[in-house]
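Below is one structure, written out as structure tokens, with a few remarks after it.
We name chains A, B, ... by the order of the sequence lines, and we start the count at 1 in each one. Predicted model, so just to flag it, every value in this text is computed and none were measured.
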Number of protein chains: 2
Amino acid sequence: MDRILQNISRIVALTPQEQELFLSKIETRDYKAKTLILNAGEICQYSYFVNSGILRSFNINDNIVEHVLAFACHGWWISDMYSLLSQKPGNLFIEVLEDAEVVLLSKENQEQLYLEIPKLERFFRILTENSLVAHQERLMDNLSLSAEDRFEKFCSKYPTLIQKVPQKHIASYIGVTPEFFSKMKARLLKK
Amino acid sequence: MDRILQNISRIVALTPQEQELFLSKIETRDYKAKTLILNAGEICQYSYFVNSGILRSFNINDNIVEHVLAFACHGWWISDMYSLLSQKPGNLFIEVLEDAEVVLLSKENQEQLYLEIPKLERFFRILTENSLVAHQERLMDNLSLSAEDRFEKFCSKYPTLIQKVPQKHIASYIGVTPEFFSKMKARLLKK
DNA sequence: ACAACTTCTTAACCTAGATTAAGTGCTTGC
DNA sequence: GCAAGCACTTAATCTAGGTTAAGAAGTTGT
């Protein structure tokens, strides 16, 4: 239960009372694999923190092709930031890949917490900053690296995910088709 | 001078004293076109706010190819977030494309301001959130759209930039070579 | 225990966009 | 005013990665 408090304490120090208050604002749920906890077209109401299991966020374009935006396993936050912030219908799905225990923090509670515990505004600012830096790097990687290099980078960055998630999702994350990914993997194994 | 106060007031309301304090922490500089205000390998010390003119941030990969991460004109913030946050040498250059007046806010001053005016922590949190959402969208666009679609999206999103910046930089931003961009543009004009 | 589905692979063929190279106007500095 | 660079174009050729299609294993539900 307090994995989330641990996560916060890496960045800001909450007093016991503040921890109490924080815990009173969240909700924990269990989801089975294959559950869609958010659908495209819906308005996203929560920031999700993963206690255990694996989730992914993805969209589907006109051609009925999925594109994975993010994976999240224990200790990671995930959401549809666009929809959550704008309170407009988003175009992301969030799906459970592996049975998961997830902490839900509603937008209203999150904003109340910013006022009641300014340290949490700092926490989420820093979280968002780190996420932005990671997205900038991934963007530049997509512009300048080959699929092979992007795959190698993925492997060294998320070694645990490789064994756990279907490789078609990894292919989608790095931006290639499953067929090409398969071919590329075979080529790499020969070396 | 107060274009930056206007920019802040879109999101949070500062009192006259707070505005005074904020202004005492910033510095304004003029730069000629072609100036590199940040070099790859340096540690980024500032958040930059553009009063006038145009800047761009970009990196250079092994193949000596430039990739544009961002443009910034009046009313936009720009920086090397990775280097600024980690205080490690970055791999971004920031270059002046058109004579510019730029406001500099040092990392130390920015962090002091977070403590002295918590509203500014909120301001930068929201700024960063919006930037993250924009980067996520651009990432998904790069994964799922053709070069032509990305160009059309760029045009409708940044109509002013198209006339003002050399098209090779726009090509780089959307992720194609200048040669292909030229061919694509000719094709689009025929329609 | 079997049908239905999903994941992954292989292979032939295709194409968006890269590369190379050459040429045309421009600015810009001296 | 002219040489040296830029910025852009055009065109031929090339290739990383996509598409289509089919089959092999593995997984899931009943």
Side-chain angles (χ1 to χ4, degrees), chain A residues 32-36 54 56 58 60-68 71 93 95-99 140-155 161-191, chain B residues 32-36 54 56 58 60-68 71 95-99 141-155 161-191:
Chain A
K32 287 265 151 226
K34 296 189 184 173
T35 312
L36 284 171
I54 306 180
R56 71 168 175 135
F58 64 100
I60 298 185
N61 73 1
D62 313 331
N63 312 321
I64 318 173
V65 180
E66 293 182 7
H67 290 278
V68 174
F71 296 106
F93 299 82
E95 184 197 36
V96 180
L97 293 180
E98 211 179 61
D99 292 4
M140 294 310 256
D141 286 350
N142 278 311
L143 292 179
S144 61
L145 300 183
S146 66
E148 220 168 289
D149 291 343
R150 275 176 276 144
F151 176 48
E152 273 169 12
K153 216 163 166 179
F154 183 91
C155 289
L161 283 178
I162 300 156
Q163 298 106 326
K164 290 195 173 171
V165 326
Q167 77 179 24
K168 64 173 183 168
H169 294 327
I170 295 171
S172 169
Y173 182 95
I174 69 170
V176 297
T177 59
E179 294 85 356
F180 181 76
F181 188 90
S182 180
K183 183 160 68 173
M184 181 175 75
K185 211 182 64 172
R187 200 166 56 211
L188 284 172
L189 285 174
K190 276 187 195 153
K191 297 182 185 174
Chain B
K32 285 268 149 224
K34 297 189 185 176
T35 313
L36 285 171
I54 305 181
R56 71 168 174 134
F58 64 99
I60 298 185
N61 73 3
D62 314 332
N63 312 322
I64 319 172
V65 180
E66 291 181 8
H67 290 278
V68 174
F71 296 106
E95 183 197 37
V96 180
L97 292 179
E98 211 178 60
D99 293 3
D141 286 350
N142 278 310
L143 292 178
S144 61
L145 301 182
S146 67
E148 218 168 292
D149 290 344
R150 275 176 275 144
F151 175 49
E152 271 169 14
K153 215 161 169 182
F154 183 91
C155 290
L161 282 179
I162 300 157
Q163 298 106 325
K164 289 196 175 172
V165 327
Q167 79 179 23
K168 63 173 184 168
H169 294 326
I170 294 171
S172 169
Y173 182 95
I174 71 171
V176 296
T177 58
E179 293 85 357
F180 181 77
F181 188 90
S182 179
K183 183 160 69 174
M184 181 176 75
K185 212 183 64 173
R187 200 167 57 213
L188 284 172
L189 284 174
K190 275 186 194 153
K191 297 183 185 172

Side-chain N or O of B/Arg150 closer than 4.0 Å to phosphate OP1/OP2 of C/dG17: yes

D/dC6 P sits how many Å from B/Leu97 CG, rounded? 15 Å

Within the pair A/Lys183 and C/dC8, is there a side-chain N or O less than 4.0 Å away from OP1 or OP2? no

Is the shortest side-chain heavy-atom distance between A/Glu152 and A/Ile174 below 4.5 Å? no

OP1 or OP2 of C/dG17 versus the side-chain N and O atoms of B/Thr177: is any pair under 4.0 Å? no

Please work out whether the ring planes of A/Phe151 and A/Phe181 are parallel, tilted or perpendicular, with thresholds of 30° and 60°. perpendicular

Look at all strands and tell whether B/Glu179 reaches a base, only sugar-phosphate, or nothing, counting heavy atoms closer than 4.0 Å. base

Whole Å only: how far is the NZ atom of B/Lys185 from the P atom of C/dA16? 21 Å

Rounded to the nearest Å, what distance is computed from the CG atom of residue A/Asp149 to the P atom of nucleotide D/dG17? 9 Å

SB check A/Glu66 A/Arg56 (cutoff 4.0 Å): yes

Between P of D/dT27 and CD of A/Gln167, the distance in whole Å: 14 Å

To the nearest angstrom, how far is A/Phe151 atom CZ from D/dA16 atom P? 18 Å

Rounded to whole Å, how long is the line connecting atom CZ of B/Phe180 with atom C1' of D/dT15? 14 Å

From NZ of B/Lys34 over to P of D/dC6, roughly how many Å is that when rounded to an integer? 7 Å

Closest of C/dT7, C/dG17, D/dA7 to the A/Lys168 side chain is C/dT7

How long is the line joining CG of B/Leu189 and C1' of D/dT9, in whole Å? 13 Å

Flag side-chain contact, heavy atom, 4.5 Å: A/Val68 against A/Glu95: no

